[in-house]
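Reckoned from all heavy atoms, side chains included, excluding hydrogens, waters and symmetry mates. Each ligand, and each atom within it, is numbered from 1 in the order the structure gives.
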Amino acid sequence: MSTPLGSPWPSGAVREADGEVSFAGVRASALAAEHGTPAYVLDEADLRSRARRYREAFESAFAAVGAEVDVYYAGKAFLSVAVARWVLEEGLRVDTATGGELAIALRAGVPGAAIGLHGNNKSDEEIRSALEAGVGRIIVDSLVEVDRLAALAAEAGVVAPVMVRVTTGVHAGGHEYISTAHEDQKFGLSLAGEDSPAMAALLAVLERPELELLGIHSHIGSQILDPTGFAVAAEKVLSLRAALAARTGRLVPEVDLGGGFGVAYLPGEADLDPEVVAKAQAEAVASICEGLGTPLPRLSIEPGRAIVGPTTVTLYSVGTVKPVTLEDGRVRTYVSVDGGMSDNLRPALYGADYHAEIVSRRSEAEPVLARVVGKHCESGDIVVREVQLPGDVRAGDLLAVAVTGAYGRSMASNYNQVPRPPVVAVREGVSRVLVRRETVEDLLALDLG
Ligand code: LLP
């Protein structure tokens, strides 16, 4: 009998009757034979259903309070032409953070109007490309950017649609580096005080005929599992919107509450439920606006990880297996795989925990305490810090690590001149390469000698 692996694995992951795991109907061994390892394997149906579920949850929760909402997929989590098309087909828009992400969204045929551009240090070239593409919004991140943007809009002969990114002081999410709305960091403009930097930027945008002020943007962090921070941030942003209206008579039409929706990485954990968080956000926004006496804005959110993270596994081949006796006498089995921190930086950078299983066979062997490590010349090159693997784990086994879709391939490097793995989509028994594997020739081609 075949059994679904369940969370945190992609929805199409199934352990077949003979013990091998298949992903959306494609066996691990077939994936390894056709595409090699390591490889990111992305379950298309899972990604589409996550995108749809977010859109439907937010649309219905906000419709219930009389507001409209747009869901922007945050491409920084992972962007390829096919993924941009799929989220577009599922009714999402695309949030980009660089000219490169913008180029991919445009190549996918995402209309400019459905794209947002972020960045705390956008280049002139990035801003020019965004204006040329007619992006629906550019999110301004500093006061100096207001003038730069106005000048570039004038040069292009267009009026640039703008949001101002504010920092609400709300600190949410897993790790300091991935929490972006507390004060001592590089993003956004503080809204603390009556003459805050955020207010100054909003006023500056209103003064420029080359700019159209769409609204205010807040992103409070990433991998958020407790949604109360969103309401606290919403209160601050909506109060700023009301204060700007009181001062200028201009009530900006839009508010973005950012991304950051957390997901399960380990068995027994749970994703932040989009229906629950959508309802909480919608009700908070409605009651805050009622209290302020202001009409509801059009809302938007920017989930990245929650759409793509759990859809993808990294498939590795096991190489060296080495038992190491610890100081307390326990034995830890070091299982080396053919990738590592170059394809998943998150354990080394954030101490992030992952789950892994052998997917090429079933084993009845007694489980052992294992650590999955990569092939890089660095002892911090850890893929999975602690996991129980069958005691007979051996070279040639295929090992999959779950929930590597967000900030995996997108933060991959060529450390130790290791070519980056491909991204392979699986759907209904068929696999297809979305991003091909790099080769040593690719690396050599960059080196001009
Ligand atoms: N919107 C803005 C303005 C953001 O800065 C981010 C993420 C998102 C949306 C999407 O956040 P998500 O829904 O994916 O949490 N590299 C880190 C995460 C950095 C997130 C940066 N900003 C990690 O691997 O955990």
- line: Near G259 (heavy-atom distance under 4.0 Å), the atoms of ligand 1 are 9 (C), 13 (O)
field: By side chain to side chain donor-acceptor pair (under 3.5 Å) - contacts of D141 (at least two apart)
entry: none
- prompt: Under 4.0 angstrom from ligand 1, any heavy atom of G260?
  reply: yes
With a 3.5 Å cut-off and sequence neighbours excluded, list the donor-acceptor pairs that the side chains of residues 98-117 form with protein atoms.
from, atom 1, to, atom 2, distance (Å)
T98, OG1, G100, N, 3.3
T98, OG1, E101, N, 3.1
E101, OE1, A97, N, 2.7

query: Among side-chain atoms of H376 and S342, is any donor-acceptor pair under 3.5 angstrom?
result: yes
- prompt: Is R305 touching ligand 1 with its side chain, its backbone, both, or neither, if touching means heavy atoms under 4.0 Å apart?
  reply: both
- request: Enumerate the atoms of ligand 1 whose separation from the nearest heavy atom of M411 is less than 4.0 angstrom.
  value: 16 (N), 24 (O)
message: Once you restrict to heavy atoms under 4.0 Å, what part of P303 touches ligand 1? Side chain, backbone, both or neither.
response: backbone
message: Quick check on the 6.0 Å ring-centre criterion: do F230 and F261 meet it?
response: yes
Axial cation check for F187 ring with R165, 6.0 Å and 45° limits: yes
field: For G304, the ligand 1 atoms whose distance to one of its heavy atoms is below 4.0 Å
entry: 12 (P), 13 (O), 14 (O)
message: Heavy atoms only, cut-off 4.0 Å: how does F187 contact ligand 1, side chain, backbone, both, or neither?
response: neither
